[in-house]
Chemist: 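Below is one structure. I have some questions about it.
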Amino acid sequence: MQTTYCDIELDKPKRDAFVYIHWFSIFNSFMMVIFLVGLVSMILMRTLRKDYARYSKEEEMDDMDRDLGDEYGWKQVHGDVFRPSSHPMIFSSLIGSGCQIFSVSFIVIILAMIEDLYTERGSMLSTAIFVYAATSPVNGYFGGSLYAKQGGRRWIKQMFIGAFLIPAMVCGTAFFINFIAIYYHASRAIPFGTMVAVCCICFFVILPLNLVGTILGRNLSGQPNFPCRVNAVPRPIPEKKWFMEPAVIVCLGGILPFGSIFIEMYFIFTSFWAYKIYYVYGFMMLVLVILCIVTVCVTIVCTYFLLNAEDYRWQWTSFLSAASTAVYVYMYSFYYYFFKTKMYGLFQTSFYFGYMAVFSTALGIMCGAVGYMGTSAFVRKIYTNVKID
């Protein structure tokens, strides 16, 4: 008798062990969050208090004493910290796409907890596609407003890039793998009608809704209301130690966020590639919350040290340091492929690494957007509370 996907169930001992491991991983991640948030709060509160005291003392000096003093720190770059990022069109599109991916992840997990979407094969994917199309205004709102704040004028082009960034990546990978599947006469080949339907969703649902979100974002929150005036001439960036370079910060920024989701990644990969049922979406919601908290804490610390070194290139650094979590997830997928699966051949290899690249990239864009949004609030807060001459 052949066992179908819906008939697969875990017996009670395996189910209890499964849940116990999840509780153990959640507890470890939760302790990491408490430690990290406490450490970040203590360091930043004490350090920022000293910074504010030093800046207040400098304001009481006369001009000659201030010129002779050794001025340093993040206050010195107040005229450049809100300067538009390099490549603002791509940056705004990535932030908008990341906010949309976060919204889709949150809503789909909630629906999976309520409706038991795991009981039928394909229901999770269908729900994700529907929710992604419905949340397209989120992409347009955050991407369009950020692009307007940075002084961008080619907003239609930015809207098209933001609307089709994720669909083009997913569809391009799926079509490439589909050609290989057709060559091997595999049952995994996507029907032509499904491809046409996805393209119609992109042009007739995602694009119009993204346009609505972009117009709302530009009109409601597109005005540049920065607490500091941007200087006309950029300030030269002084030399600093090698570990304060943005490239080093980016490489190290994803270690702690990956550590907070490391154990859960194993179960998610197993549900993808070992055809096991993943039904503990409450744990997944907790892991998503923990990931966001850890990501924001790490990017805030990285941005503070970067600004304290008088390097105002914090926008891309905060995004990429959080997005580097995807690199570690993709590296872990290599380990999982060689040691936990029995896949072989061109089709299975391309199928695995192609879709893992899509998954890792989407996760990285989401983490990058979350890290940037949290860091942006932090930067605005510290420069609002300090008196600028």
Side-chain angles (χ1 to χ4, degrees), residues 90-109 111-112 117 121-140 142-143 158-183 186-211 213 265 268-269 271-273 278 284 288 319 323 325-327 329-330 333 337 347-370:
I90 300 296
F91 185 75
S92 302
S93 301
L94 288 171
I95 297 300
S97 299
C99 294
Q100 184 182 6
I101 294 173
F102 174 78
S103 302
V104 172
S105 303
F106 186 84
I107 295 174
V108 170
I109 293 175
L111 292 176
L117 299 178
R121 181 180 292 275
S123 60
M124 183 69 69
L125 180 61
S126 302
T127 304
I129 294 175
F130 173 79
V131 174
Y132 184 87
T135 55
S136 296
V138 176
N139 188 338
F142 286 98
Q158 186 275 327
M159 180 199 66
F160 272 93
I161 294 176
F164 293 119
L165 182 64
I166 300 299
M169 177 186 66
V170 175
C171 293
T173 304
F175 291 165
F176 172 75
I177 296 175
N178 198 54
F179 289 142
I180 301 177
I182 294 174
Y183 176 78
S187 59
R188 293 283 183 176
I190 303 174
F192 180 75
T194 304
M195 298 182 185
V196 175
V198 171
C199 293
C200 290
I201 291 174
C202 293
F203 284 100
F204 298 110
V205 179
I206 294 178
L207 185 60
L209 292 179
N210 202 292
L211 174 61
M265 281 293 103
I268 295 175
F269 286 7
S271 67
F272 282 171
W273 307 113
Y278 187 96
M284 184 178 287
L288 179 62
F319 176 84
T325 307
V327 177
V329 171
Y330 198 62
S333 70
Y337 176 82
F347 172 63
Q348 292 185 348
T349 303
S350 59
F351 187 84
Y352 177 87
F353 286 108
Y355 284 117
M356 283 309 307
V358 171
F359 172 79
S360 300
T361 304
L363 178 66
I365 294 175
M366 183 192 74
C367 292
V370 170

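Note that this is a predicted model, so its numbers are computed, not measured. Only this structure's heavy atoms are used, side chains among them; waters, hydrogens and symmetry mates stay out.
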Chemist: Test your reading of the model: is there a side-chain donor-acceptor pair from Ser271 to the backbone of Ile268, 3.5 Å cut-off?
Modeler: yes

Chemist: In sequence, state the C-alpha distance, the side-chain angles, and the governing distance for Leu207 and Phe160, and then conclude on side-chain contact (heavy atoms from CB on, under 4.5 Å).
Modeler: CA-CA 7 Å; Leu207 185 60; Phe160 272 93; 3.7 Å; yes

Chemist: I'd like to check the side chain to side chain contact (heavy atoms under 4.5 Å, CB included) partners of Val327; sequence neighbours left out, ordered by chain and number.
Modeler: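 By the side chain to side chain contact (heavy atoms under 4.5 Å, CB included) rule, Val327 matches Met331.
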
Chemist: Over all heavy atoms of both residues, which pair between Val198 and Cys171 is shortest? Give the atoms and the distance, please.
Modeler: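 Answer, listing the atom of Val198 first, then Cys171: CG1-SG, 3.6 Å.
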
Chemist: Residues in ring-ring contact (aromatic ring centres under 6.0 Å, His included) with Phe91, at least two apart?
Modeler: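 Testing Phe91 for ring-ring contact (aromatic ring centres under 6.0 Å, His included), a comparison that skips the adjacent residues, returns Trp316, Tyr372.
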
Chemist: Report yes or no: does Ser136 contribute a side-chain atom to a donor-acceptor pair with the main-chain N or O of Ala133 at less than 3.5 Å?
Modeler: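 Confirmed, Ser136 side chain pairs with Ala133 backbone.
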
Chemist: Any side-chain to backbone donor/acceptor pair from Tyr132 onto Ile206? Under 3.5 Å, distance only.
Modeler: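 Judged by distance alone, no pair lies under 3.5 Å.
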
Chemist: Taking side chain to side chain donor-acceptor pair (under 3.5 Å) as the test, write out the residues that go with Ser350, two or more places apart.
Modeler: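 Residues passing side chain to side chain donor-acceptor pair (under 3.5 Å) with Ser350: none at all.
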
Chemist: Could you check Trp273 against Phe351 for ring-ring contact (aromatic ring centres under 6.0 Å, His included), going step by step and ending with a plain yes or no?
Modeler: CA-CA 10 Å; Trp273 307 113; Phe351 187 84; 5.8 Å; yes

Chemist: I'd like to check the ring-ring contact (aromatic ring centres under 6.0 Å, His included) partners of Tyr330; sequence neighbours left out, ordered by chain and number.
Modeler: Phe334

Chemist: Show the numbers, then the answer: is there a side-chain contact (heavy atoms from CB on, under 4.5 Å) between Ile166 and Ile365?
Modeler: CA-CA 10 Å; Ile166 300 299; Ile365 294 175; 3.7 Å; yes

Chemist: Out of curiosity, Met169 CE to Thr361 OG1, how far, rounded to the nearest 0.5 Å?
Modeler: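 One finds 5.0 Å between CE of Met169 and OG1 of Thr361.
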
Chemist: Which pairs count as side-chain hydrogen bond (donor to acceptor under 3.5 Å, both in side chains) when at least one residue sits in residues 195-211, sequence neighbours excluded?
Modeler: Asn210-Thr214

Chemist: Taking ring-ring contact (aromatic ring centres under 6.0 Å, His included) as the definition, give me every residue that meets it alongside Phe203, ordered by chain and number, with sequence neighbours left out.
Modeler: Phe164

Chemist: Would you call the rings of Phe272 and Phe359 parallel, tilted or perpendicular, where under 30° means parallel and over 60° means perpendicular?
Modeler: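 It falls in the perpendicular class, over 60°.
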
